[in-house]
Every structure is written in C-alpha cells, then in structure tokens.
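For reference, the structure is listed below as structure tokens.
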Amino acid sequence: MKKSKLSLGLVTSFVAALALAGCSDVKAKDNSILTFKGYDGVTYELATDALYDQYRKDNSVISTFYDKVLEVLIRDRFESGAVIENASKDYQQIKDEAQVDVQAAKAKATENAKSNKTKYETEWDAILSSEGVEDEEELLQKYIYNKEKAVLEDALYASLTSKTDDKLKKEWIEGAHPYHIRHILVKVESGASDYTRGTLTSDQAINLSNIGLALGKSTDTFGGIASRLSEDESSGALYGDVGTTTVKASTSGTFSMVTEFQLAIYIYDALYAGKDATSTVYTDLIPESVPSTATAPATAFNSITKVPYEVFELLASEDNGGYGDVTKNNNKIVGQGEEVVYPRNILWNKYLNHHEPFLITDESVVDEYDSTTFDLDNTAAEISSMLTDAKADWTKMNVGATKAGYAVDDKKDGATGFVAADSLGIQALTDKLGATKILVDEKNNPIFGVRSEYGIHFIIIEKSAFEETSTLEKWYQVYSPKQADYPTEDGKQVTSYVNYAKFNDDQMAARASAIKDAIKGFDGSYQYRIYEKLIEDANTAGRFDISGESEQAKKAKELLDSIDNYITLQKEKNAYDQEVGYELAWDNFMLKFDEQTAERAKDQRVVPWVAAIGFKKGINYSDVEDLYKIGGLCYYGDKAQ
C-alpha cells in the first residue's frame with residue numbers, strides 16, 4: 001500500500017480526515033463520497049459521509065475542501081511521475097531541494113541555540129511551530145508541496161502564454177493598467193498635512209536645490225542624477241527605477257505606491273499626454289463614485305502648479321547665493337523665531353508644499369500687487385511703504401505669479417534640461433504653456449513633481465499604461481536577455497523594462513521574474529486557474545467518481561460543484577474588493593485635496609515672497625524690523641486663523 005502524507009500540520013480531526021490516502025482496497029470508516037484515482041492507481045478518499053454531512057451543516061468549510069482537493073491534485077500529479085507539460089523540475093528534483101531546505105532549517109536551529117544560549121530542541125520546535133508543522137517529516141512535505149505548486153504555476157503560465165500570443169500579459173495590461181515610472185526623492189517627512197505653514201530644515205532646502213539645479217543643468221541623465229542624489233536608496237541604485245504601479249489597491253484604500261505619487265501619475269497622464277476628460281484615461285482610471293467624475297479631477301489639476309526654476313537657486317546654501325541655510329540677519333532672529341517667514345519656507349509653502357503635480361519652468365520668482373513687482377532688489381524703504389499700502393488688501397500679495405525670461409542652459413542631447421512646451425507635440429501643454437520652457441529628461445519626457453508624506457518626488461513616466469498594447473507587451477518582458485526567448489528586432493535585442501538601463505545580469509533576471517509574478521498575481525485568481533486546469537484534466541480522464549445516478553456520485557458532484565461556486569464567489573469578491581479599495585483611495589485623496597484647497601484659500605495663510613526681505617543680503621535689518629514685530633505685516637505668529 002502506498003500512502004501520501006497530504007495533511008500537513010492540520011490540527012482538527014475534521015480537516016485531518018479530508019486527505020486520507022491509501023490503497024484502493026482500504027475501507028473508510030464511513031462510505032467514501034469524494035474519491036480520486038491517482039495517476040499511478042492510488043485512490044485518495046477526500047470526503048466521507050460524515051464529512052459531507054458536516055459540510056451540509058456549515059457551508060463555510062468548502063474552502064477547506066478546495067485547499068485539500070488542490071493539494072491532492074498537485075501532489076499526485078508530481079509524485080506519481082505523470083507528465084507535466086512545461087514543468088521545469090520533476091518530483092525527485094523537488095524532493096532533493098526540499099531536503100536541502102530542511103537541513104538548512106536544522107542548521108538554523110543550531111545557530112539560534114548558540115546565539116540565544118538555548119537548547120537545540122527548543123529552537124527546532126520554534127522553527128516547526130513557525131512553519132505550522134509538528135515534526136521533520138511534515139516540514140519536508142510542506143517544503144515539497146510549496147515547491148510543487150511553484151513549478152506548476154510556472155508550467156501553467158507557460159501553457160497560457162507564448163511569444164506571439166501572450167494572453168495573460170494582455171489581461172494584465174488591459175486590467176491592471178501598468179505604468180513604468182522612475183523618481184528622485186528629497187525627504188521631507190514632517191508636516192505633510194500643513195498646507196500653508198510647513199517648514200524645511202536647511203539641509204532639506206539645500207538637498208532640494210541640489211537636485212532641482214542638477215536636473216536643469218543639462219549635464220546628466222535623469223537616472224544618473226537619481227543614482228547620485230536621490231534619498232530613496234533602493235531606487236537610486238536602480239537609476240531612479242521604482243518598477244510598475246497598477247490600479248491594484250487594498251480594501252483599506254492603499255496603493256502599491258504612495259497615494260499622491262500614484263494619482264499624480266494618472267492625473268498628469270490624463271491631462272498632459274494628449275488625453276482629455278472624455279478619454280478612456282478618465283473612464284478607466286477614475287471611479288464613477290468620485291463626485292463629478294468627468295470634471296472633478298480636471299478642475300483639481302488643470303491649474304497644475306508651475307514651479308519656477310529660480311526656486312531651486314534660491315533654496316541653495318548661502319555660500320552659493322541662496323537662502324536655504326539663512327536663519328538670522330545681523331544676529332537677530334527674523335519674525336521673533338517664526339520659521340514660516342524664513343525665505344526657504346516661504347518658497348516651500350508657496351510653490352512646493354501641496355499635493356498635486358507640478359511642472360518646472362524656466363521662470364523667476366515674484367509676487368505681484370497692483371501691477372507692482374516686488375523682488376529682492378527693492379530697497380527696504382520701498383518695500384515697507386508698499387506693504388503698508390497693501391495692508392487693506394493683503395490677499396493680493398498671495399498671488400503666485402511668475403514672469404518669463406529666467407535664463408537657463410539649453411538642453412543638450414542625452415541629458416535633462418529645458419525645452420519649449422509646444423515642441424513636445426502634447427496639445428494640452430501647448431494650450432497651457434505655449435513656448436514656455438519646461439524641464440524634461442533626456443528622452444524629452446516631462447519631469448513633474450508631487451509632494452507626499454515622504455517629501456518631494458521628481459517623477460518621469462517611462463511607459464504610460466495607455467500606449468499601444470503591442471508596445472507594452474514588448475516593454476514588459478518576462479525573459480531576461482540571457483534567455484533564448486528574449487525577443488529581437490533586426491537582429492538586436494529589444495529595449496524593455498528588463499534591460500533599458502545599465503542593469504547587471506542578476507538585476508535583469510529579477511526584473512523579468514517580477515513582471516511574471518505581477519502578471520500571475522494581479523487579479524488574485526491565478527491559484528484558481530491552476531485548480532481549474534487540474535480538475536479539467538482529472539474530469540476528462542474520469543479520475544473523480546461523479547458519474548452515474550448513485551447517491552454517492554451525486555454527493556461527490558455536489559461537492560465539486562460547490563467548490564466551483566466557491567471559486568466564482570472568490571473571484572467576484574476579489575474584483576469587488578479591488579473596486580472598493582480603488583474608490584476609497586480616490587475618495588481619500590480628493591478629501592485631502594479639498595482640505596488643502598480650503599486652507600490655502602484662507603486670507604493671510606500663505607506668506608508672500610516679499611516677506612523674505614528681512615534676509616536680503618546687505619540690508620539693514622533695523623530698516624524693516626517693525627515689519628517683523630508682533631502685529632507687523634511680516635509677522636505670522638498671530639495669523640493662524
């Protein structure tokens with residue numbers, strides 16, 4: 001008699017009885033309801049009358065039947081030696097690898113016993129407990145089964161895909177809407193919900209300056225700058241690459257990416273990649289539940305912020321002519337210690353401390369009042385007089401106007417820099433900005449930014465989800481260049497997500513594997529596909545006794561039908577959970593945006609740039625000291641309403 005150990009670490013007698021295995025002449029205690037004849041003649045008794053009755057009383061246990069039927073189907077397929085098309089390993093290879101893993105676990109127990117000064121048995125029991133098994137044999141069987149399932153997943157993937165017609169990849173592209181993105185991060189952790197009076201440290205201001213200026217100097221690529229300066233070390237090491245982001249969201253309303261980061265990508269693409277409010281970008285990416293779906297996002301973001309490049313010069317260190325690390329003037333703390341009136345924080349709140357996308361233009365920083373331009377060239381007396389005149393209508397000082405003509409380097413080939421918006425062939429940009437120059441990467445992808453709870457992200461879209469499906473199929477490769485299946489055109493390997501940057505072989509293999517995993521797991525139903533394939537094969541071969549009119553056959557068929565219904569409901573639940581989570585993410589973001597808009601609309605909240613005059617190089621602070629005293633026009637301690 002052959003017996004497969006199929007119940008691994010299960011603790012209740014009910015569940016343990018689900019996976020009895022034995023010879024065909026073994027009699028069960030009760031009549032067998034669901035039996036499966038294995039590929040080498042072994043008969044598995046999966047359910048008896050007693051278990052069937054319990055299932056009838058509590059239909060929720062059908063998920064346990066599903067798990068164990070799947071386990072029996074997989075284990076029998078491998079352990080019988082049956083041919084599995086596209087399988088990369090046979091049972092003996094899998095078992096050998098699992099035995100190595102068991103030995104590694106035992107070595108770990110020995111190591112833990114030494115470091116924790118405990119007994120080997122104590123640490124071994126802890127490892128077994130963490131794996132949910134009772135002894136070494138059960139651990140081996142668990143490792144074997146997990147490896148069998150992984151091999152079968154890949155085998156099924158291979159059977160559902162090909163170089164010429166990858167149906168699964170098409171499903172992923174059309175259902176998950178993957179974007180390939182890169183970013184550079186400047187960390188600013190504090191004050192993510194303080195939309196008008198947030199503060200930067202001098203180091204943060206200078207880091208922002210260094211990255212902003214580097215992007216505009218036209219001497220390096222976006223990836224090169226990311227690798228040198230980004231404060232996200234993991235993506236910086238990959239030239240700013242953060243992988244793919246999709247519409248997949250948890251039921252709690254969280255994405256795989258930071259919310260502002262992810263939704264900024266959608267909004268930016270919808271507005272500035274030639275799309276409009278009637279395009280599929282809106283219908284595919286914006287839930288119907290969002291108020292005024294067709295107009296709300298466009299209204300929120302169509303006034304996308306323009307950040308003058310001069311901001312990053314002014315945030316530089318004092319040694320480099322900026323105000324990033326200036327905190328005092330003539331040994332006096334300006335504004336009686338109110339950091340909100342430091343120049344770096346005035347710039348931060350006016351141009352960068354908000355949670356919608358922004359573009360960087362070749363313009364200057366100014367404030368305007370009644371057509372009178374204020375900048376740091378005005379004298380203290382002139383500014384004091386103008387501010388006094390403006391006191392009756394202070395809100396006009398908050399206009400975030402800019403003026404053209406700020407000189408930057410021309411963009412050089414193969415580097416980031418500035419190009420005229422109307423030269424990019426993006427109608428929405430042309431309509432809005434005309435010939436105004438905007439910052440782009442070396443491929444002329446506009447660089448946009450957004451503020452999140454972590455800081456400022458400078459982002460580019462390497463591949464939009466709304467390019468041609470055939471283009472995206474080539475881009476998202478599941479092969480590494482070392483593999484024969486990696487595609488070529490005109491005798492050369494295609495450029496793709498896997499190899500577009502200077503990645504090493506291990507990195508490219510990992511990236512290819514990551515895309516394959518994303519495709520297999522995006523809708524939460526891949527495991528069900530395995531079951532459906534195996535059950536189809538088993539039914540075709542008559543391995544389940546569900547034919548005929550006997551009571552046993554009817555009960556067996558009902559159990560399998562119930563598993564089918566369970567799978568259908570799980571797929572529907574996965575889709576529903578995705579929809580709920582995605583809508584919640586949008587709702588939460590729009591609420592935050594509404595809150596931000598309300599705060600920034602209040603009178604006297606955002607400090608105007610001219611309030612930075614107390615830091616002007618060479619100015620006599622005593623000339624403007626009255627402006628910064630309590631009640632003065634540049635004092636913000638009493639303007640918290």
Side-chain angles (χ1 to χ4, degrees), residues 86-89 97 147 150-151 153-173 176-185 220-230 232-246 248 256-257 265 414-416 441-443 445 459-465 467-522 526:
N86 298 312
S88 59
K89 301 172 187 175
E97 290 181 2
K147 291 177 182 294
V151 170
E153 284 181 3
D154 283 341
L156 177 63
Y157 179 87
S159 71
L160 293 173
T161 61
S162 71
K163 288 192 293 184
T164 57
D165 185 21
D166 193 336
K167 296 179 180 179
L168 277 183
K169 187 185 289 185
K170 286 180 180 177
E171 288 183 28
W172 177 63
I173 289 171
H177 298 302
Y179 279 83
H180 177 201
I181 50 182
R182 292 195 282 164
H183 87 142
I184 299 171
L185 174 66
D220 202 351
T221 63
F222 186 92
I225 295 168
S227 65
R228 290 188 292 107
L229 299 176
S230 179
D232 180 352
E233 294 181 2
S234 60
S235 69
L238 298 174
Y239 308 100
D241 192 278
V242 289
T244 59
T245 181
T246 69
K248 190 171 184 178
S256 57
M257 297 290 177
I265 293 166
T416 60
D441 75 353
E442 63 276 9
K443 301 174 185 177
N445 295 311
I459 308 168
I460 59 170
I461 297 176
E462 193 70 46
K463 275 289 178 285
S464 166
E467 296 189 37
E468 292 293 329
T469 300
S470 59
T471 300
L472 295 177
E473 285 184 86
K474 290 179 181 178
W475 188 256
Y476 294 114
Q477 284 301 315
V478 298
Y479 305 104
S480 66
K482 290 284 188 180
Q483 295 176 290
D485 286 330
Y486 192 88
T488 60
E489 288 183 353
D490 299 326
K492 297 180 179 180
Q493 291 182 335
V494 301
T495 300
S496 73
Y497 173 85
V498 170
N499 68 349
Y500 80 96
K502 296 179 181 179
F503 302 123
N504 61 41
D505 289 344
D506 288 343
Q507 288 172 325
M508 288 190 287
R511 293 173 70 78
S513 179
I515 292 298
K516 182 184 289 187
D517 289 343
I519 293 170
K520 290 192 296 187
F522 84 95
Y526 195 74

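Shortest non-hydrogen contact noted between Asn499 and Gln493 is ND2-OE1, 4.4 Å. Considering all non-hydrogen atoms of both residues, Gln507 and Leu238 come closest at NE2-CD2, 3.5 Å. Residues Arg511 and Tyr500 come closest through the heavy atom pair NH2-CE2, 3.5 Å. Taking both residues in full, the closest heavy atoms of Gln477 and Lys169 are given as CA-NZ, 4.1 Å, listed atom of the first, atom of the second, then distance. Of all non-hydrogen atoms in Ala226 and Ile184, the two that sit nearest each other are CB-CG1, 3.6 Å. Taking all atoms of both residues into account, the shortest heavy-atom contact from Pro481 to Val498 is CD-CG1, 3.7 Å.
Ile519 is not listed as a side-chain neighbour of Tyr476, based on a closest heavy-atom distance of 4.5 Å or more. Between Lys443 and Ile460, the closest side-chain pair of non-hydrogen atoms is not below 4.5 Å. Between Trp475 and Thr495 the shortest side-chain heavy-atom distance falls below 4.5 Å. In this structure the side chain of Lys89 reaches within 4.5 angstrom of the side chain of Glu97, judged on heavy atoms. Taking 4.5 Å as the limit, some side-chain heavy atom of Ile181 sits within range of a side-chain heavy atom of Met257. A heavy-atom distance below 4.5 Å is found between the side chains of Ile515 and Tyr497.
Under the side chain to side chain donor-acceptor pair (under 3.5 Å) criterion, Asn445 pairs with Asp441, not counting sequence neighbours. For Lys248, the side chain to side chain donor-acceptor pair (under 3.5 Å) test picks out no residue, with sequence neighbours left out. For the side chain to side chain donor-acceptor pair (under 3.5 Å) test, residues two or more places apart in sequence or in another chain that qualify with Lys520 are Asp154. With sequence neighbours left out, the side chain to side chain contact (heavy atoms under 4.5 Å, CB included) criterion links Ser88 to Val151. Under the rule for a side chain to side chain contact (heavy atoms under 4.5 Å, CB included), the partners of Ala509 that lie at least two apart in sequence or sit in another chain are Ser480.
If you take CD1 on Ile459 and CG on Leu185, they are separated by 10.0 Å, rounding to the nearest 0.5 Å. The OG1 atom of Thr471 sits 9.5 Å away from the CD atom of Glu473 when rounded to the nearest 0.5 Å.
Tyr239 does not carry Arg182 over the face of its six-membered ring by the limits of under 6.0 Å from the centre and within 45° of the normal.
Of the possible polar contacts, none joining the Ser513 side chain to the Ala510 backbone as a donor-acceptor pair under 3.5 Å is found.
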- For the pair Asp220 and Arg228, evaluate side chain to side chain contact (heavy atoms under 4.5 Å, CB included) and give the outcome as yes or no after the intermediate values. CA-CA 10 Å; Asp220 202 351; Arg228 290 188 292 107; 3.2 Å; yes

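Judged as a salt bridge (Lys or Arg N to Asp or Glu O under 4.0 Å), the pairs with a partner in residues 497-508 (not counting sequence neighbours) are, in order, Lys482-Asp505.
In summary, the side chains of Ser496 and Tyr486 do present a donor paired with an acceptor at a separation below 3.5 Å, with no hydrogens or angles considered.
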